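Below: the structure, in structure tokens.
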Amino acid sequence: MRILAIETSCDETGVAIVEDGRRIRANVVASQSAHQATGGIVPEVAAREHLRALDPVMQQALRDSGMELGDVDAIAATVGPGLIGALLVGASYGRGLALAAGLPFVGVNHLEGHVYANWLYEREDEGEGADGPTEPRRPPEPELPAIVLVVSGAHSDLVLMEGHRRFRRLGRTIDDAAGEAFDKAARLLGLGFPGGPEIERSARDGDPTSYPLPKAWLPDRYDFSFSGLKTAVLRLVRSLEAKGPVPIADVAASFQKAICDALAEKVARAAGEYAVRTVMLGGGVAANGPLRAEIQRRTSVPLRVPPPRLCTDNGAMIGAAAFFSLRHRTGEIPSLVRSSMPLG
Amino acid sequence: MSAAATHDSRSPTGLLDLVSHSSLQTERLGERLGRAALPGDVLALWGELGAGKTVLARGVAAGLGIDPEDVTSPTFVILHEHPAGRMPLFHLDLYRLSTADLGSTGWEEAVEGGGVTVIEWPDRAGDDLPADRLDVRLEHLAETKRRVVLEATGPRSRTLLEGIRGDVAGA
């Protein structure tokens, strides 16, 4: 089954074609550059940019895959969570396309997309056994149950995935999202946007033990809290500024360590408590190298992380999630566009 | 919560100058505001990163009968709607917006939607802010200590401020 999938929940316009929920036939992402001037986002501009970009991005996806719309079996689009105007553009476009082509439309929870990014692969190995060609080998599917950590600019959810589309949220942030904490700390340090990659780069030259910062989690539960850490960085930067130039790399490294420790600690504990077979990451912050290393260090369970291109928002992950929601009709398939939409 | 010594918190002006010694106190102040709020009230929360704006918003939610645990930072999606209380709470965060173009964040609809609207980073809205609103300014004094100045800018917000004045001054 081939699904053409659309992602427009924030400022990435993504269209992909995914086969059987796993194989990427095309995955085109257009980032909106209009926001970079301000370092912020303008919802109306975001929606307008999606509208402008969607058609060419879809045509490019079809060209990349060598397919026509007639070769596709279903249309999917993100219906939440995200910016309401941006979501509306992609979901309406997808619905219209499905209606015109006489295809089913599948609404997808963006967070489910980040989880199912772990099922995607680009090409099958040309299997060559000693006795000649064999069946093409696909990378193995993640084994369930799994602990999934979805961390991005908007989300920090720790989820138990008991089976396909069977999610139970164990913890979440009670204030700021992890990616948001990275963005805000980067701003305090005068680094660029988005903050995650900037902090990671700067932290490479820094000592993570320079400044003790508060733990970013709540004891005895699986929730995170990054707001106190943000305030501590603010106070630290102010007091360092009073003494002279701020050792940016050391502050960045200490901050990054505090975030990674908090996330890795909860992931490792949940993986042990629920005796899972896999730990998976998703979302833009999953691209952070020290986070992956810290989780790997603390747990013996196999860790799956999508390649960076599939950690950030893209259409392919929506196509994967749509496939599994059609195949495993457990749970609700969302259809209305909503700005908040929990996973599990 | 205590009234700052330099100001008379019982003065009949639309001003209340307080000191909060912990985020719990800040949340309690929000809770009182939430309990006293009427449909259509707008609170603008001013203050730098980490000043306690989301903490105060969480208190407002509690005062409206909304589970405060559901209140997280709306920075990324700009608007969170909480319909489950005695009236809806519209929690707006304009941090990521540029001043020049507020656009359709849905925030004007929220203000007219018959609930309570809490706006973080209201400076981004410039002249578009509702004329009659309760300005709440949060300022770092020490690690957990904050100065909180509440100022009414019209008759509606003055009623809200009067609704909590006795409560707070006696606390």
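Naming: A, B, ... by sequence-line order, numbering from 1 per chain. Just so we're clear, the structure is a prediction, and the values are computed from it rather than from any experiment.
- Interface remark: A/Arg338 contributes no atoms to any contact with chain B (heavy atom separation under 4.5 Å).
- Listed options A/Val233, A/Asp223, A/Ile174 were ranked by heavy-atom pairs under 4.5 angstrom with chain B; first place goes to A/Ile174.
- Under a cutoff of 6.0 Å and an axis angle of 45°, A/Arg269 and A/Tyr222 form a cation-pi pair.
- Geometric assessment of A/Lys184 against the ring of B/Tyr95 yields a positive cation-pi assignment under the 6.0 Å and 45° thresholds.
- Looking at B/Glu48, only its side chain comes within 4.5 Å of chain A, counting heavy atoms on both sides.
- Within the 4.5 Å cutoff, the side chain of A/Ser202 has no heavy atoms near those of the A/Phe255 side chain.
- When heavy atoms are compared at a cutoff of 4.5 Å, B/Val55 does not approach chain A at all.
- Here B/Thr75 is the residue among B/Thr75, B/Thr54, B/Asp70 with the most heavy-atom pairs under 4.5 Å with chain A.
- In this structure, CD1 in B/Ile119 is found 12.0 Å from CZ in B/Phe90, a value given to the nearest 0.5 Å.
- In terms of heavy-atom pairs under 4.5 angstrom with chain A, the leader among B/His140, B/Glu69, B/Glu81 is B/Glu69.
- At a threshold of 4.0 Å, the pair A/Lys215-A/Asp261 does not count as salt-bridged, since none of the basic side-chain nitrogens sits closer than that to a carboxylate oxygen.
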